[in-house]
Amino acid sequence: MIGQSEIRKVLPHRFPMLLLDRVTEVVPGQRVTAVKAVTCNEPWYQGLGPDAAPEDYAYPRVLLLESWCQSAGLLATWESPDPDVLEGQVMLFGSVSGVEYHRPVLPGDVLEHRASITRVVDDTVIIEGGSTVAGEPALTVGLAVLAFRPAGELRPGELRPEDPAPAPAPATA
């Protein structure tokens, strides 16, 4: 089993946005199984008052997808981790498609994320998978595209040698 220390060596995410608790299986270059335990003590539940309806406790769908994407990112970077987003390679999610939500996820549920690499093309990785709770589907991801780019190319205001010079500002009277 792979815990927080190892996960943090691979992913740049930290509290409150590190949404993986442990990795139960990783086959580098092929597949990963990761776990996220949902609790009522997470920041997104803070504003719920004593009269909150049960459906108000549904885990936000965007965070369910983010948690799955973190497991996909962990798989894609497992063999060459680089969690410093200011240097080295930066992992970018280019697209996610075929996303289906099957059931609400509630505090007390334990998500099991599964992600599998279907193709690698140069610096791009294509992954598919989904998430279950107690064996019941919660999320399906048909396709996620991850691309890796050098951090230096992503900094604002820096020109690369091959970039054209910016056009001069128009003259004002």
S.K.: Measure the shortest side-chain to side-chain distance between Val35 and His113 over non-hydrogen atoms and say whether it is less than 4.5 angstrom.
M.R.: no
S.K.: What pair of heavy atoms forms the shortest contact from Met17 to Glu66, and how long is it?
M.R.: CE-CG, 4.0 Å
S.K.: So do Leu65 and Tyr101 actually touch side chain to side chain, heavy atoms under 4.5 Å?
M.R.: yes
S.K.: What are the two closest heavy atoms between Gly130 and Trp68, and how far apart are they?
M.R.: N-NE1, 3.3 Å
S.K.: Over all heavy atoms of both residues, which pair between Ser67 and Leu19 is shortest? Give the atoms and the distance, please.
M.R.: OG-O, 2.6 Å
S.K.: Output, in order, the C-alpha distance, side-chain angles, deciding distance and verdict of salt bridge (Lys or Arg N to Asp or Glu O under 4.0 Å) for Glu55 and Arg103.
M.R.: CA-CA 11 Å; Glu55 59 269 15; Arg103 70 181 295 280; over 6 Å; no
S.K.: Under 4.5 Å between any side-chain heavy atoms of Thr132 and Arg114, yes or no?
M.R.: no
S.K.: What I'd like to find out is whether the side chain of Phe148 reaches to under 4.5 Å of the side chain of Val90, using heavy atoms alone.
M.R.: no
S.K.: Whether Arg22 and Glu112 form a salt bridge (side-chain N of Lys/Arg under 4.0 Å from carboxylate O of Asp/Glu) is what I want to check.
M.R.: no
S.K.: Hey, could you give me the CD/CG distance between Glu100 and Leu139, rounded to the nearest 0.5 Å?
M.R.: 9.0 Å
S.K.: Going through the distances and angles, do Leu143 and Ile126 end up as a side chain to side chain contact (heavy atoms under 4.5 Å, CB included)?
M.R.: CA-CA 7 Å; Leu143 187 76; Ile126 301 169; 2.9 Å; yes
S.K.: Gln30 side chain to Val27 main-chain N or O, any donor-acceptor pair under 3.5 Å?
M.R.: no
S.K.: Answer yes or no: is there a side-chain heavy-atom contact under 4.5 Å between Val23 and Val32?
M.R.: yes
S.K.: Are side-chain heavy atoms of Pro104 and Tyr59 found at a separation under 4.5 Å?
M.R.: no
S.K.: How far does CE of Met1 sit from CD of Glu6, to the nearest 0.5 angstrom?
M.R.: 10.0 Å
S.K.: Is there side-chain contact between Thr140 and Val99, with at least one heavy-atom pair below 4.5 Å?
M.R.: no
S.K.: First locate atom CZ of Phe15, then atom CZ of Arg8, and finally report the distance between them rounded to the nearest 0.5 Å.
M.R.: 10.0 Å
S.K.: A side-chain contact here means heavy atoms from C-beta on lying under 4.5 Å apart; do Leu74 and Ile7 qualify?
M.R.: yes
S.K.: What I want to find out is whether Lys36 reaches Asp109 closely enough, with some N-O distance under 4.0 Å, to be called a salt bridge.
M.R.: no
S.K.: Any side-chain to backbone donor/acceptor pair from Glu25 onto Thr33? Under 3.5 Å, distance only.
M.R.: no
S.K.: Is there a chain of hydrophobic side chains (I, L, V, M, F, W, Y, each step under 4.5 Å between heavy atoms) that links Val145 to Leu154?
M.R.: no
S.K.: At their closest point, which heavy atom of Trp44 faces which heavy atom of Pro16, and how far apart are they?
M.R.: CH2-O, 3.1 Å
S.K.: Do the side chains of Leu64 and Val110 join up, straight or via other hydrophobic residues, at under 4.5 Å, putting them in one cluster?
M.R.: no
S.K.: If only atom types and distance count, is the side chain of Tyr45 paired as donor or acceptor with the main-chain N or O of Tyr57 below 3.5 Å?
M.R.: yes
S.K.: Looking only at heavy atoms, which two atoms of Gly73 and Thr77 are closest? And how far apart?
M.R.: O-OG1, 2.8 Å
S.K.: Are Val62 and Val133 connected in a single hydrophobic cluster, I mean Ile/Leu/Val/Met/Phe/Trp/Tyr linked by side-chain heavy atoms less than 4.5 Å apart?
M.R.: yes
S.K.: Looking at Glu128 and Arg119, does any basic side-chain N land under 4.0 Å from a carboxylate oxygen?
M.R.: no
S.K.: Restricting to non-hydrogen atoms, name the atom on Ala115 and the atom on Ile127 that form the minimum distance, rounded to 0.1 Å.
M.R.: CB-CG2, 3.7 Å
S.K.: Set out, in order, the CA-CA distance, both residues' side-chain angles and the distance that settles side chain to side chain contact (heavy atoms under 4.5 Å, CB included) for Leu146 and Leu92, then state yes or no.
M.R.: CA-CA 6 Å; Leu146 288 76; Leu92 304 168; over 6 Å; no
